[in-house]
Amino acid sequence: MNKYTPSEIEKKWQDKWAAQSSLSEAQENSKKEKFYCLDMFPYPSAAGLHVGHVENYAATDIYSRFKRMNGFNVLHPIGWDAFGLPAENFAIKNGTHPNATTHQNIQNFTKQIKSLGMSYDWSREIDTSSPEYYKWTQWFFLFLYKNGLAYKKKAKVNWCDSCMTVLANEQVVDGACERCKNQVVQKDLEQWFFKITDFIEDQAGENGDVKGLINGLENIDWPNSTKIAQKNWIGKSQGAEFDFAVAGTEQKIKVYTTRVDTAFGITYVVLAPEHPMIGELQSQILNWDEVAEYLSQAKKKSDLERMEAKEKTGVELKGIKIINPFNGQEVSLFVADYVLSQYGTGAVMAVPAHDERDFEFAKKYDLEILEVVAGGNILEMAFTLDGILKNSGEFSGLNSLDAREKMIAWLEKEGIGKRKINYKLRDWLVSRQRYWGAPIPIIYCEDCGEVAEKEENLPVLLPTDVDFKPTGESPLVYSKTFHEVNCPKCGKKARRESDTMDTFVCSSWYYLRFADPKNEKEFASKENISKWLPVDMYMGGAEHTVLHLLYARFFTKALKKFGYINFDEPFLKLRHQGMIMASDGRKMSKSLGNVVNPDEVVAEFGADALRLYEMFMGPLEEMKAWNTQNIIGLSRFLDKVWKVQTLIKDDISGDKKIITLLHKTIKKVSDDIENFRFNTAISQMMILINSFEKEIQIAKTDYELLLVMLAPFAPHLAEEIWENIGNKNSIFLEKWPSADESLMQDDEVEMVVQVNGKVRERLMVASDVTEDEIKETALENPKVKVFTDGKEIKKIIFVPGKLINIVVA
RNA sequence: GCCCAGGUGGUGGAAUUGGUAUACACGCCAGUCUUAGGAACUGGUAGAGUAAUCUGUGGAGGUUCGAGUCCUCUCCUGGGCACCA
């Protein structure tokens, strides 16, 4: 027999599988039940495939192969999230067109993925930067636009001076650009938004009710932490909104609070620096110079600077008094930049006794702190928990929960305020002043204004005659062929929108395209969508918890609302692979020089060993550190499987113990794959092969069952041995074995004998031994007697097949 | 600060419902085959002790015949959110 040489057999089978595409392609006409298993598609970066990609793709490949062998018609596609900044930045630096760079990277990724033996359906490959694809990204923009879900407005937006573009809130991390870490500044600009906030709560749609972004999470199988992160991002809070009258005027100041129960403890009110009321009250403000100075200082500060300020600052609007509607008392008014203009009403009631921020501010400016909820020590710190109300007029004595209800009812009765729900989630800013993205299909006409491009004119092609150096405006502005067009409505000369779309727009609908990737008339036919969607299993990094997953859910909900599809959640089951760190425990990065290149591992150990190693590292969802030394263990395992070939005999039936272990293994491996516990599935197969190795001969049928189980993990090796031992068809056409429970019973088991819960003896007994039988043996056992002699036996606990515990006084 | 995961040998990790703690693998130690070598093979490997035995799943309590697993408190690590009123 030859030596196991991965490099030879892996190439051989990759070629053979490519020639037999039915092994990996989804079948359009099949009576089998469908299963859609999807990876978060990669951005084809110049760095090539990362070991983290391999972890993700190996897991879904194992699962897809497992599902196929269990009789499912599996859709397991791959494509490229190809628009985006790195290709453009590379172009700026080196002058290479992003299109060329991207295609080169895609080729490299393709080669790498194929060298790993992944069973993707390559016939459905998509590329978001191709006109055939972004035509439909543009169609989606128009779909949202026509239904009032895409709109343009002047807004304070996050601007990155280094990337020269605006960013979505989700792309700003700690006040800095997620990509280049440059500090983000605020700018007032006309930008395009998608109305994602329309879908926070449930609503009626053309194809039945559409579950909102919050409630929709209830019935999908996602990691709980991801659901919670999404809910936190949406940030729903329930409270009340009510008015303060400005003393001596008709004017009112509206505040939002979740703690209306503390309203009798209000000792002042604070406005955000951007609050319009400050300007309106200017003539009455006695210290206007001081206020104006504060406003201009606040305006200069970035959000980050505001957040980082150690001490809260503010200025009283002297000469203004406003009236607390609950008790009629006059309180003073401040402006302070710790109040956010974008949230709630941009004005907050300050209750220093029961809010930490107000407490800090009140201490600094020596303002009154009035306790209205009992339970804390407000001399020391704010008491922010619920409690029993005091100093609160007719509401005194109520607990906070009841008080909130009663006080909101009172506000509504008096017509001063109402119950109000607020959210942190804002509409999604989708326009980017960059080149390498899908152009926004809107035209500006002097007569007709903002006009949607006609659908038959899509795609609006990205021009090639541009200089993509960023200037703060989209590079498309400088392409005459691009922006000089005729108005689709009146035919007059008009100007095309020069912004492109955020790449997250492209990835918000790609899972639909895989159902019908070549369709030229629709983004996907209704028939194909209903055949393949929703996605049954979705896998990808946890870094997409709020961005991509929320946007994709929004697109799905919008499609359902307007009758295009009949489901409102795109991904029924979601799992994240944990990040793979370098062996030093740090993140793999070029600058640290600790990046592991999968190609090198494949060259040294083979793709099968790499796949197995990554699956064996630990629980899929957990973070783990790379350790090249450990790969050898998986190589040895594969080598053992290879060598056991020589032990097989055609015409024998296996040893009873081996059969029992085999069926236990079938059960465990099947359960473990179904639950994405690949590490323990592999260790169970190791146990089996270790037993096989010790035998003189192995029944061929037993060995074949192991090969079938191993095939999804180590496809090349399994397929090669399968052929070696005389099989004509691919091992992937085999049916997944089922465990026979009756064969899983051991004849003998080790029975633990405990005295007072401590193990004193282990006895080999028949697996069906009864309590009475074992009791006698156990009590007479000398090792046990040492601990029971002369003692009263209080009771005996018997766990069939496991242990007997003798409890003595 | 808030939310979410986690803390088990030298290392990665295992332990369905509370029932043998450390499966499987790496490493290490000893040996075997070999001219030699190991990415080969065999055996050993939680700690203490000559041993019987005792101790051991971040720490302190508790429930239980029995706790890595359940409860209370606490410490530490990683991730997410963060002036959201």
Side-chain angles (χ1 to χ4, degrees), chain A residues 173-174 223-229 231-233 235-237 239 255-260 262 270 272 303 306-309 312 336-340 342-351 354-358 360-361 384 422-425 542-543 545-546 578-579 581 583 585 604-605 609 612-613 616-619 621-637 639 643 668 671 675 677 679-687 690 693 749-759 761-762 783 786 794-808:
Chain A
V173 176
D174 291 334
N224 200 37
S225 53
T226 304
K227 290 186 183 184
I228 288 168
K231 276 188 204 163
N232 289 346
W233 189 263
K236 181 175 185 171
S237 78
V255 299
Y256 171 74
T257 181
T258 55
R259 289 299 303 275
V260 68
T262 64
V270 191
D303 270 10
R306 282 193 189 187
M307 268 193 305
E308 277 181 344
K312 300 192 185 336
D337 64 8
Y338 78 87
V339 173
L340 304 172
Q342 318 92 300
Y343 184 78
T345 61
V348 299
M349 61 179 220
V351 185
H354 304 291
D355 181 280
E356 279 168 24
R357 295 153 299 183
D358 299 342
E360 188 192 324
F361 192 80
T384 58
N422 261 326
Y423 304 94
K424 290 188 214 172
L425 184 70
E543 67 274 17
T545 298
V546 287
M579 214 194 297
M581 314 302 274
S583 50
E604 193 174 352
F605 299 96
L612 275 170
Y613 167 64
F616 189 67
M617 285 176 88
E621 309 215 357
E622 251 145 66
M623 187 169 81
K624 9 188 198 284
W626 186 268
N627 184 349
T628 299
Q629 200 175 43
N630 287 354
I631 302 174
I632 195 67
L634 288 305
S635 270
R636 282 180 191 148
F637 166 60
D639 218 33
K643 283 178 183 161
K668 175 136 185 74
D671 288 353
N675 294 299
R677 292 191 299 244
N679 54 333
T680 49
I682 293 167
S683 75
Q684 183 65 35
M685 288 189 282
M686 286 172 168
I687 291 170
N690 289 347
E693 234 193 351
V749 290
E750 189 180 74
M751 174 78 49
V752 165
V753 184
Q754 295 182 334
V755 178
N756 284 353
K758 293 203 172 186
V759 180
E761 182 61 303
R762 296 154 203 269
K783 285 194 185 170
V786 174
K794 290 174 84 177
K795 64 173 157 176
I796 290 177
I797 283 139
F798 177 68
V799 183
K802 290 221 164 113
L803 62 78
I804 179 163
N805 186 12
I806 301 159
V807 185
V808 296

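Order of the sequence lines sets the chain letters (A, B, ...), proteins ahead of strands, with each chain counted from 1.
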S.K.: Taking the P atom of each, how far is B/A46 from B/G9, in whole Å?
M.R.: 13 Å
S.K.: When rounded to the nearest Å, what value does the distance between P atoms of B/G1 and B/U45 take?
M.R.: 47 Å
S.K.: Which value, in whole Å, describes the distance between the P atoms of nucleotides B/U8 and B/A14?
M.R.: 11 Å
S.K.: Looking at the base of B/C65, is there any donor atom on it, or on the side chain of A/K794, that sits under 3.5 Å from an acceptor on the other one?
M.R.: no
S.K.: Would you check, one step at a time, whether the test side chain to side chain contact (heavy atoms under 4.5 Å, CB included) holds for A/N756 with A/K758?
M.R.: CA-CA 6 Å; A/N756 284 353; A/K758 293 203 172 186; 5.7 Å; no
S.K.: Can you check whether A/N679 has a side-chain N or O nearer than 4.0 Å to OP1 or OP2 of B/A14?
M.R.: yes
S.K.: Please say whether more than 12 non-hydrogen atoms of neighbouring residues, nucleotides or ligands are located less than 6.0 Å from CE in A/M579.
M.R.: no
S.K.: Counting only heavy atoms from other residues, nucleotides and ligands, does the tally under 6.0 Å from CD of A/E693 exceed 12?
M.R.: yes
S.K.: Counting only N and O atoms by type, is there a donor-acceptor contact under 3.5 Å from the side chain of A/N805 to the main-chain atoms of A/I797?
M.R.: no
S.K.: Is there a donor-acceptor contact under 3.5 Å from the side chain of A/D355 to the main chain of A/D358?
M.R.: yes
S.K.: Measure from the side-chain N and O atoms of A/K624 to the backbone N and O of A/P619, and report whether any donor-acceptor pair falls under 3.5 Å.
M.R.: yes
S.K.: Where does B/G27 fall, syn or anti, if syn means a chi angle no more than 90° from 0?
M.R.: anti
S.K.: Using the C1' atom as the reference point in each nucleotide, state the distance between B/C28 and B/U11 in Å, no decimals.
M.R.: 11 Å
S.K.: With rounding to the closest Å, how many angstrom separate the P atoms on B/A15 and B/G68?
M.R.: 16 Å
S.K.: B/C76 and B/A60: how far apart are their C1' atoms, nearest whole angstrom?
M.R.: 15 Å
S.K.: Between B/C71 and B/U64, how many Å separate the two P atoms, rounded to a whole number?
M.R.: 16 Å
S.K.: Expressed as a whole number of Å, how far does the C1' atom of B/G49 sit from that of B/U34?
M.R.: 40 Å
S.K.: What does A/V799 touch in the nucleic acid at a heavy-atom separation under 4.0 angstrom: a base, only the sugar-phosphate, or nothing?
M.R.: base
S.K.: Under 4.0 Å between a side-chain N or O of A/K231 and OP1 or OP2 of B/G80?
M.R.: no
S.K.: Side-chain N or O of A/N627 versus OP1/OP2 of B/G13: is the shortest distance under 4.0 Å?
M.R.: no
S.K.: Taking salt bridge (charged side-chain N to carboxylate O under 4.0 Å, His left out) as the test, write out the residues that go with A/R636, two or more places apart.
M.R.: none
S.K.: With nearest nucleotide decided by heavy atoms, which residue, A/E622 or A/G346, maps closer to the 5′ end of RNA chain B?
M.R.: A/E622
S.K.: Looking at A/Y256 and A/G239, what are the two nearest heavy atoms and their distance?
M.R.: OH-N, 3.5 Å
S.K.: Over all heavy atoms of both residues, which pair between A/R259 and A/M349 is shortest? Give the atoms and the distance, please.
M.R.: O-CE, 3.4 Å
S.K.: Examine the base of B/C26 for any acceptor or donor lying under 3.5 Å from a partner atom in the side chain of A/N630, and report the outcome as yes or no.
M.R.: no
S.K.: Between the protein and nucleotides 40-42 of chain B, which nitrogen or oxygen pairs are less than 3.5 angstrom apart?
M.R.:
from: B/A40; atom 1: OP1; to: A/R636; atom 2: NE; distance (Å): 2.6
from: B/A40; atom 1: OP2; to: A/R636; atom 2: NH2; distance (Å): 3.3

S.K.: Please confirm whether the shortest side-chain N or O distance from A/K795 to OP1 or OP2 of B/C65 is below 4.0 Å.
M.R.: yes
S.K.: Could you check whether any side-chain N or O of A/N690 sits under 3.5 Å from a backbone N or O of A/M686, counting only pairs where one atom can act as donor and the other as acceptor?
M.R.: yes
S.K.: Tell me, which stems hold RNA chain B, with a stem being 3 or more Watson-Crick or G-U pairs in a row and both distances under 3.5 Å?
M.R.: B:1-7 with B:75-81, B:10-12 with B:24-26, B:27-32 with B:40-45, B:46-48 with B:53-55, B:58-62 with B:70-74
S.K.: Give the nucleotide from the list B/C83, B/G13, B/G19 with an atom nearest to the side chain of A/P619.
M.R.: B/G13
S.K.: Side chain of A/Y343, heavy atoms from C-beta onward: which of B/A39, B/A82, B/A85 has the nearest atom to it?
M.R.: B/A85
S.K.: Considering heavy-atom distances to RNA chain B, does A/S225 or A/G633 have its closest nucleotide positioned more toward the 5' end?
M.R.: A/S225
